[in-house]
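Report on the following structure.
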Amino acid sequence: MAVKQNLGQSQQQKQIQKLAMTQSLQQSIQILQYNVEELQSFLKQKELENPLITVSVADRSTSQSSSQSGTQENFLEQVAGTSDQSLFDYLLEQVHLTMRETPLRGLVLFLLDYVDQNGYLGLTDQEVEDKTGADSVAVLDAITLLQQLDPPGVGARDLRECLMLQTENDSQSPAMAYLVLEEMFNQLVDRKWDVICRKLDLTMKDVQEIFDYIRTLTPTPGAAFNTEAPAYVIPDLIVEVENNQIHITQSKSAKPQVHFQKRYFNQLLTQESQEVTDYVNEKKREFEWISKSLQQREDTILRVGRVIVEVQEDYFLHPGSDLKPLMLKDVARKLHLHESTISRSVNGKYMITPNGTFELKHFFSNAVGNDESSDGAQESSDSVKSKIKKIIDAEDKTKPISDAKIALTLAKDEINISRRTVAKYREGLGIASSSKRKRFG
């Protein structure tokens, strides 16, 4: 009986240990997956839960060196450069400053609640009437007042109206642009320019000018405003090039320090309580696990960064060079790690470079070769996209080159991909088809 009991206790203890190891592994994986801000938030929470832990985070303004500090600060300003005022607050402020307290003003304030983050009004005139009990004239007046607010285009019900409002607000817009949008919007989108010319007595050059102007307008006038606090990106790695040598280091801002309160730990152990002893030992083990996981996180991200720098050396040494093919499995094989570990190491992690600041996964790209197989010369998909863009940029705009001809041009450089793949890459670059790129005069 005693033997069975001992066996049962032993099995239970093993299960508890196995569960603890599983939970520890899952938490280590989670720490690797966190970006810098999420990691700092996680550690601050642990600091609140564990009396033996204190966390210190480097000030974002702390310089790595004069050049690195400047790069980092400029990037943070760029990331946070959008307005930290919401579109709703901006519109509300204008209403309070420009409109007297009247029922019409109250109707405009009601409409503000239905303006989405892109600046569009999400209600029809009839829906406004049904919800407020206002008559059609008052609703029309209120919507007109809303649409006169800044930014131009706000309060539109659809894209056509949004572009019309911006055109109406711009004294430099082409003379017939508003009329074309109002009467021939679908024909303009479908590039049925000959129909527009006949209908409005315009030349192809006139329509081309109007089309080029409309492309400068924004389809999302509210996008410059944030609905929440601006996001800051704290880089994990810093790459510098000096004397044609590449140096990669970790950013101090990305390395929070976790400190163990040894004096408090020893003080708690002096208490003659097994419960307290068990508690502080558990909290000490948690500190040790966190310290180990943080070091593993830093080491893994730095190792991945070094492989990236090694493979993409030309990109860092020669600005403008294309990225070479690099896949997660390539790095995983090189570092003897699981591919999922590499994925967690590059998502949400950033690197400052002389070419700009990029998420680590920016440097990964599939290979493209003969019929996109492993035979023959291989280049990254980014490199092929770059070549396609250069071909299109150099084309005669009155006779745009087709996707099939682009494929033939690439084949001369031993890049054998199908017309369909060219079309996919072209669309990914946001470039229209040859029929829609054609210009007149």
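- For the residue pair Pro400 and Ser434, the shortest heavy atom distance occurs at CG-O, 3.3 Å.
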Practice problem: Output, in order, the C-alpha distance, side-chain angles, deciding distance and verdict of side chain to side chain contact (heavy atoms under 4.5 Å, CB included) for Met327 and Asp330. | Solution: CA-CA 5 Å; Met327 301 180 71; Asp330 300 329; 3.5 Å; yes
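- Within the model, atoms OG1 of Thr277 and CD of Gln274 stand 5.0 Å from one another, a figure rounded to the nearest 0.5 Å.
- Relative orientation of the Phe358 and Tyr315 rings is perpendicular, given thresholds of 30° and 60° on the angle between their planes.
- Qualifying side chain to side chain contact (heavy atoms under 4.5 Å, CB included) partners for Thr54, counting only residues two or more places apart in sequence or in other chains: Glu47, His259, Gln261.
- When side chains are defined from C-beta on, Thr409 counts as touching Ile401, because their heavy atoms get closer than 4.5 Å.
- Listed by first then second residue, pairs satisfying salt bridge (charged side-chain N to carboxylate O under 4.0 Å, His left out) with a partner in residues 167-195 read Asp194-Arg198, not counting sequence neighbours.
- The pair Arg285-Glu288 fails the salt-bridge criterion, with no side-chain N (NZ, NE, NH1 or NH2) lying under 4.0 Å from an Asp/Glu carboxylate O.
- In this structure, Ile406 and Leu410 have side chains that are in contact, with non-hydrogen atoms separated by less than 4.5 Å.
- Every residue two or more places apart in sequence or in another chain was checked for a side chain to side chain donor-acceptor pair (under 3.5 Å) with Gln296, and none qualifies.
- Panel note: side chain Gln147, backbone Gly155; a donor-acceptor pair is recorded below 3.5 Å.
- Take Asp116 and apply the side chain to side chain contact (heavy atoms under 4.5 Å, CB included) test, not counting sequence neighbours, and it matches Asn118, Tyr120.
- The closest side-chain heavy-atom distance from Leu39 to Leu43 is below 4.5 Å.
- Counting heavy atoms of neighbouring residues, nucleotides and ligands inside a 6.0 Å radius, atom CD of Glu275 does not exceed 12 of them.
- Val180 pairs in a side chain to side chain contact (heavy atoms under 4.5 Å, CB included) with only one of the listed residues (Thr167, Leu202, Val207), which is Leu202.
- At least one side-chain heavy atom of Phe265 sits less than 4.5 Å from a side-chain heavy atom of Asn281.
- A distance-only check finds a donor-acceptor pair linking the side chain of Lys349 to the backbone of Gln33 [under 3.5 Å].
- Ser433 has its side chain out of reach of Asp403: every pair of non-hydrogen atoms, C-beta onward, lies at least 4.5 Å apart.
- Checking side-chain atoms of Arg160 against main-chain N and O of Asn186 turns up no donor-acceptor pair under 3.5 Å.
- Listed by chain and number, the residues in a ring-ring contact (aromatic ring centres under 6.0 Å, His included) with Tyr213 amount to none (sequence neighbours excluded).
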Practice problem: Kindly indicate, with the supporting measurements, whether the criterion side chain to side chain contact (heavy atoms under 4.5 Å, CB included) is fulfilled by Phe260 and Leu52. | Solution: CA-CA 6 Å; Phe260 182 66; Leu52 302 180; 3.8 Å; yes
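- Among residues two or more places apart in sequence or in another chain, the ring-ring contact (aromatic ring centres under 6.0 Å, His included) test is passed with Tyr279 by none.
- The shortest side-chain heavy-atom distance between Asp113 and Phe88 falls under the 4.5 Å cut-off.
- For Asn35, the side chain to side chain contact (heavy atoms under 4.5 Å, CB included) partners are Glu37, Glu38, not counting sequence neighbours.
- Within 6.0 Å of atom NZ in Lys397, more than 12 heavy atoms from other residues, nucleotides or ligands are found, so the atom counts as buried in its surroundings.
- In terms of the side chain to side chain donor-acceptor pair (under 3.5 Å) criterion, Lys405 has no residue partners (sequence neighbours excluded).
- If you take OG1 on Thr353 and NE2 on His362, they are separated by 7.5 Å, rounding to the nearest 0.5 Å.
- In this structure, the side chains of Lys46 and Glu286 come closer than 4.5 Å at one or more pairs of heavy atoms.
- Applying the side chain to side chain donor-acceptor pair (under 3.5 Å) criterion to His318, with sequence neighbours excluded, gives no partner residue.
- By the 30° and 60° cut-offs, the orientation of the rings of Phe363 relative to Phe316 is tilted.
- Each salt bridge (charged side-chain N to carboxylate O under 4.0 Å, His left out) pair with one or both residues in residues 289-303, not counting sequence neighbours, appears once here: Asp236-Arg297.
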Quiz prompt | CA sep, side-chain torsions, deciding dist, call: Asn347, Lys361, side chain to side chain contact (heavy atoms under 4.5 Å, CB included) | solution = CA-CA 6 Å; Asn347 284 316; Lys361 66 182 180 181; 3.2 Å; yes
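- Residues forming a side chain to side chain donor-acceptor pair (under 3.5 Å) with Ser291 (at least two apart in sequence, or on another chain): none.
- In plain terms, the two heavy atoms of Val276 and Leu268 that are nearest each other are CG1-O, 3.7 Å.
- Between Ile234 and Val36, the shortest heavy-atom distance links the atoms O-CG2, 3.5 Å.
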Practice problem: List the steps and the verdict of side chain to side chain contact (heavy atoms under 4.5 Å, CB included) for Glu395 and Lys399. | Solution: CA-CA 8 Å; Glu395 71 184 2; Lys399 298 178 181 178; over 6 Å; no
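- Rounded to the nearest 0.5 angstrom, Arg437 CZ and Ser402 OG are separated by 8.5 Å.
- With a 4.5 Å cut-off on side-chain heavy atoms, Val304 and Leu335 count as touching.
- The CD1 atom of Ile388 sits 8.0 Å away from atom CD1 of Ile431, with the distance rounded to the nearest 0.5 Å.
- Of the candidates Ile238, Leu360, Val346, Leu360 is the only one forming a side chain to side chain contact (heavy atoms under 4.5 Å, CB included) with Met351.
- The side chain to side chain contact (heavy atoms under 4.5 Å, CB included) search around Leu302 returns Leu237, Ile248, Gln250, Arg306, not counting sequence neighbours.
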